[in-house]
Amino acid sequence: MRRRAHATVDESWCGRLELLVLQPTPFCNLDCDYCYLPDRDDTRRMSLATLEAVATRVFQAGLAANEVSVIWHAGEPLTVPREWYAEAFALLARHCPPGVRLRHHVQTNGVLLDARWCDFITTHDVHVGVSVDGPAWLHDRHRRTRRGQGTHALVVRGIEALRQAGIPFHVICVLTRESLARPDEIFDFFAALGPSCLCFNVEEVEAANGRSSLAGPDRALIEGEFRAFMTRVVERLSPSAPPFRVREVDHVVQVLRDPAYGTRRGNSQNEPGRIVSVAWDGTYGTFSPELLGITDGRLGRLGLGNVLVDPLPPLLGSESYRRQRDEVRRGNERCRATCKYFDLCLGGAPANKLGELGRFDGTETMFCRLTQQAVADVVLAALDDMGDARRAPQAPHAASRE
Amino acid sequence: MKRWRRLVLVLVTLAGFPPFVPAAPADAKPIDRVAQIRSRLLEADRSAPAPDGLASGRLGDVPRHLAQYWRNWPNYWANWPNWPNWPNWGNWRNW
């Protein structure tokens with residue numbers, strides 16, 4: 001019986017895959033100082049044979065949920081030719097079963113965006129995210145070329161190409177310590193830029209990035225600055241006509257609106273099989289995509305196998321998979337037992353736990369204090385104030401319980 | 001047989017009885033008032049026009065709501081009195 005369990009793949013992965021992160025190349029044409037990706041100067045590219053193996057394994061095993069987002073990332077995706085993507089998209093479409101909808105996304109630094117890429121993006125209905133950190137003085141401090149030159153002007157030119165082609169885009173803005181003092185300047189910059197959604201990432205300690213300007217001995221001060229920043233952003237979001245959506249605010253409101261609020265036990269990053277990340281050479285993993293290509297001193301290589309030779313999903317008896325899965329699960333259970341924000345964040349991100357605490361079974365990190373707890377406090381306080389302002393007379397239940 | 005029916009009725013009634021949610025102190029942090037804040041958010045959603053018509057409160061929607069409730073009743077009671085996509089049962093004028 002035990003032997004059979006060891007030779008069986010983990011079938012709990014079936015029908016759960018929501019996010020397939022594919023690394024067309026590890027290469028990036030920039031050298032941002034906070035980047036978590038290793039091997040950014042490696043120009044090798046995923047072969048179509050490897051991609052075919054991914055498609056075969058994922059779709060034949062029935063891993064896909066009804067809708068799967070394919071994100072081309074973990075390197076600069078636009079350094080790979082459009083012809084390669086045309087073949088790759090066709091290959092995935094060939095293997096995709098009728099009941100599954102694929103949506104392609106690229107997360108780019110925007111430097112190579114031009115009219116030809118915009119044509120391609122429009123033709124193939126690709127969703128675009130661009131990484132911009134705000135005004136030039138802020139962006140160019142961190143997002144530079146290998147020669148140390150700023151990239152802001154190139155990125156704004158790329159975004160202008162998107163706008164001229166009428167392509168909606170979201171932006172990811174990495175917040176560093178110096179960003180926190182300038183919420184209005186950053187908000188105004190993005191309001192003029194015109195993204196559909198603004199996503200704030202914090203400078204994280206994870207994978208190849210071992211330090212952050214937001215981690216340090218003056219923790220309370222930094223958290224206060226971060227809360228003040230987010231409070232100001234939420235104040236600027238006029239409920240009637242916001243210039244863009246803010247992912248962090250949307251997330252809290254969506255979680256509160258979820259009918260299953262309070263009953264969920266994990267999120268897509270800490271439940272195995274909901275995210276699958278595949279490196280250019282076919283190495284695959286699950287949990288946080290940032291774990292792709294990482295070797296940990298204690299857990300060893302975090303890849304669970306290679307799609308060219310190993311089963312996907314992994315074998316239940318796989319030592320590497322079992323150790324990761326059990327440790328992530330323990331961390332989740334500890335979060336649930338100890339943190340009152342659990343119902344909002346559902347256990348956090350394994351990559352940040354490993355990066356900051358050295359273990360998956362830890363609990364609170366700088367990442368979750370800022371992006372989950374502080375954001376939740378700010379958004380809940382704003383909702384509370386809105387409720388006070390428009391306490392509805394037709395809401396007898398809510399009023400009577402206060 | 002009737003006895004069984006009565007027992008089932010009692011159990012269903014007890015299982016579905018709305019849980020008591022103690023009010024948080026006024027000076028609590030927002031996260032300590034999350035249940036109340038969520039209540040008000042859902043109440044506001046419910047009073048807004050629903051694009052799919054589910055929360056319309058029309059009598060003709062009742063079978064659909066009952067089917068939805070039947071599939072998902074523990075979550076509905078866990079979130080009482082904020083039942084998303086549920087008509088405003090308290091407002092009888094909608095019926």
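Here is the naming used below: chain letters follow the sequence lines, and residue numbers restart at 1 for every chain. What you see is a predicted model, and the numbers here were worked out from it, not measured in a lab.
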Measuring only between side-chain heavy atoms, which start at C-beta, is Tyr261(A) closer than 4.5 Å to Leu42(B)? no
Val34(B) side chain reached by Asp343(A) side chain, heavy atoms, under 4.5 Å: no
With heavy-atom distances below 4.5 Å as the criterion, would you say the side chains of Asp384(A) and Gln36(B) are in contact? no
How about Glu235(A): does its CD atom have over 12 heavy atoms from other parts shown lying under 6.0 Å from it? yes
Give, for atom CG of Leu380(A) and atom CD1 of Ile37(B), the distance between the pair rounded to the nearest 0.5 Å. 4.5 Å
Got a second to check how far Asp258(A)'s CG is from Arg38(B)'s CZ, nearest 0.5 Å? 7.5 Å
State, with a plain yes or no, whether a side-chain heavy atom of Asp377(A) is found less than 4.5 Å away from one of Lys29(B). yes
What part of Val253(A) gets closer than 4.5 Å to chain B, counting heavy atoms only: side chain, backbone, both or neither? both
Below 4.5 Å from any heavy atom of chain B, which atoms of Ala381(A) appear? Answer side chain, backbone, both or neither. both
Identify which part of Ile31(B) has an atom lying under 4.5 Å from any heavy atom of chain A, answering side chain, backbone, both or neither. both
